[in-house]
Amino acid sequence: MATDTETDVFEEHRPVLLGVAYRMLGRVADAEDVVQEAWLRWSAADRSEVREPRAYLVRVTTRLAIDRLRQVKARGETYVGPWLPEPYVTDFGDTVPDTAEQAVLADSVSLAVLVVMESLSPLERAVFVLREAFGYPYADIAAMLDRGEPAVRQLAGRARRHVEERRPRFEVDPVRRRDLTERFLAAAGGGDLKELMALLAPDVRLIGDSGGKSKAPLRVLESADHVGRFLVGVAEKGVPDISWRFLELNGGPALLVLSGGKPDSVFQLDILDGRIQSVYIIRNPDKLRSLAAV
C-alpha cells in the first residue's frame, strides 16, 4: 500500500505524466488510463531503487503510452470523417512561469501538431514528445526507451523533419487568437458573410470531427467561399437553447458551444498574419464528455 508521501510524490508529477500521455495518444480518456496504470506500477515498485521519481514515472508512462498506441494502430480502427484529437484543457498558469516554455508546451499540444503526429510511429512520437515538448536530453530519452543514443537522435531528427514539413504555420499569441475568435463568433453567429470573408484567409481550411455521431462535414472544406457559406448556413439553422463560453484548450483560446447546458461543439482557430488559416470543429459527443464538468 502506498504511503501518503508516495502518493504526494506521484500527485506532484501527475500533470507532467498526463501531458506526456495525452501528447502521445491524443485522447484524454486513454491518457488518464495510462497515468492510472503508472500509479499502480509506482505504488507496487521498490522505491529504494528509484533515485529520480520524476524520471522513473515519465519512463513508465511513456512506455505504457507506446504500448497503448501500438494497440490502437494494430487494431486498424476506422473513423468516419476527419479525425481531430480530443479537446484537452490546458492552463499552465503558475506551473510554467517561463513564457518561452509556455509557448513550447502550447505548440506541442496544438490540434495542428497533434494531427501531424498521428502519422509518426509510436517510437518516433515518444522521442518527439520527450525532446521537443519536455526538453529531455537524448541520453535520458535513450535510457527511458532502452535504445542507444545514436538511434534516438535519428528518430528525433526524422520525427522533427516530418512534423515541420507537414505542420501548418500559425501564431500562438493567445490575445490575438482570442480577439479574432470573438470577431469570428460575431460574424458567423450574425450570419454576416461579408465580415466573415474578411476574416478568412483565401485558402482557409475547415476540419470537422463528428465521428459520424453528429452533423459535421465528412471531408475537409477548403477556400474562404466554401468555409464562409458553410458557417453562415450553420448559424441560420441554429442550436437549441444555445450558450457558449471561452476555454483554453490545446494551448489556445477555444469556444465551447452548449445546447441546453450540455457540450455541443468546440470551435478553435489557427491564425496567421491576422487571418484565419484553419477552423477546427469537434462535435463527436464522445470527445466532449470531459468538458461537461469544466
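We use all heavy atoms of the structure for the numbers below, so side chains are in, but hydrogens, waters and symmetry mates are not.
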dist R125:CZ -> M24:CE (nearest 0.5 Å) comes out at 6.5 Å
What about L69 and V163, same hydrophobic cluster or not, with Ile/Leu/Val/Met/Phe/Trp/Tyr joined at side-chain heavy-atom distances under 4.5 Å? yes
- Under 6.0 Å from the CZ atom of R245, do we count more than 12 heavy atoms belonging to anything else shown? yes
Should W244 and F267 count as side-chain neighbours, where that means a heavy-atom distance under 4.5 Å? no
Candidate pair D33 and R68, rule side-chain contact (heavy atoms from CB on, under 4.5 Å), full reasoning: CA-CA 10 Å; D33 287 346; R68 178 67 65 96; 3.6 Å; yes
The side-chain hydrogen bond (donor to acceptor under 3.5 Å, both in side chains) partner of N250 among Y280, Y88, Y22 is Y22
message: Is any side-chain heavy atom of V89 closer than 4.5 Å to one of L291?
response: yes
Which of R167, R160, R161, R166 passes salt bridge (Lys or Arg N to Asp or Glu O under 4.0 Å) with E164? Answer is R167
Is it true that L120 and V34 fall in one hydrophobic cluster, defined by side-chain heavy atoms closer than 4.5 Å?
yes
Scanning both residues in full, the closest heavy-atom pair of L130 with M144 reads CD1-SD, 3.9 Å
inquiry  = Is it the case that the side chain of S210 and the backbone of R283 share a donor-acceptor pair, with hydrogens and angles ignored and the cut-off at 3.5 Å?
reply    = no
Heavy-atom side-chain proximity of F10 to V35 below 4.5 angstrom
yes
d(I141 CD1, R131 CZ) to nearest 0.5 Å is 6.5 Å
What about V50 and L145, same hydrophobic cluster or not, with Ile/Leu/Val/Met/Phe/Trp/Tyr joined at side-chain heavy-atom distances under 4.5 Å? yes
Closest non-hydrogen atoms of R177 and G251, given as atom of the first, atom of the second and distance, are NH1-O, 4.2 Å
L218-W83 co-clustered via ILVMFWY side chain contacts under 4.5 Å: no
Contacts of Y56 meeting ring-ring contact (aromatic ring centres under 6.0 Å, His included) (sequence neighbours excluded), chain-then-number -> W42
With a sphere of 6.0 Å drawn around NE2 of H226, does it hold more than 12 non-hydrogen atoms of other residues, nucleotides or ligands? no
Check ion pair D225-R229 (N to O, under 4.0 angstrom):
yes
Item checked: Validation row: R147, V127 side chains within 4.5 angstrom (heavy atoms) -> no
Can you find a pair of side-chain heavy atoms, one from I276 and one from V227, that are under 4.5 Å apart?
no
For L25, is there any backbone N or O sitting under 3.5 Å from a side-chain donor or acceptor partner on R27? yes
Worksheet item: Do V279 and F184 touch side chain to side chain, with heavy atoms closer than 4.5 Å?
Response: yes
When rounded to the nearest 0.5 Å, the distance separating CG of L185 from CG of L180 is 11.5 Å
hydrophobic_cluster_shared for V115 and L272, side chain cutoff 4.5 Å = no
Between F134 and G19 the two heavy atoms that sit nearest each other are CZ-C, 4.0 Å
Between A126 and T62 the two heavy atoms that sit nearest each other are CB-CG2, 3.9 Å
message: Just so I know, are the side chains of S108 and R23 near enough to count as touching, which here means a heavy-atom distance under 4.5 Å?
response: yes
Sequence neighbours left out, cut at 3.5 Å: what donor-acceptor pairs do the side chains of residues 150-158 make with other protein atoms?
residue: R153; atom: NE; partner: E149; partner atom: OE2; Å: 3.3
residue: R153; atom: NH2; partner: E149; partner atom: OE2; Å: 3.2
residue: R158; atom: NE; partner: E124; partner atom: OE2; Å: 2.7

Is D270 close to L111 at the side-chain level, that is, under 4.5 Å between some pair of heavy atoms? no
CD of E86 to CG of N284, rounded to nearest 0.5 Å, is 9.0 Å
Which pairs would a plain distance check flag for residues 190-207, meaning a side-chain donor or acceptor within less than 3.5 Å of a matching protein atom at least two apart in sequence or in another chain?
residue: D192; atom: OD1; partner: K194; partner atom: N; Å: 3.4
residue: D192; atom: OD1; partner: E195; partner atom: N; Å: 3.0

Practice problem: Check the surroundings of atom CD in E52: do more than 12 heavy atoms from other residues, nucleotides or ligands lie under 6.0 Å from it? | Solution: no
Between L288 and the options D264, V266, L258, the side chain to side chain contact (heavy atoms under 4.5 Å, CB included) test singles out V266
Hey, does the side chain of Q268 reach the backbone of L249 with a donor-acceptor pair shorter than 3.5 angstrom? yes
So NZ of K287 and CG of D209: to nearest 0.5 Å the spacing works out to 3.5 Å
Original post:
Is there a side-chain contact (heavy atoms from CB on, under 4.5 Å) between D179 and V175 once you walk through the steps?
Top reply: CA-CA 6 Å; D179 175 66; V175 175; 5.6 Å; no
Shortest non-hydrogen pair, A235 vs A188, comes out as CB-O, 2.9 Å
One should read off an interatomic distance between S259 OG and I242 CD1, to the nearest 0.5 angstrom, of 7.5 Å
What one should report as the nearest heavy-atom pair of S214 and P285 is OG-CD, 4.3 Å
Q. Is Q277 reaching over with its side chain to a backbone N or O of R169, donor-acceptor style, under 3.5 angstrom?
A. no
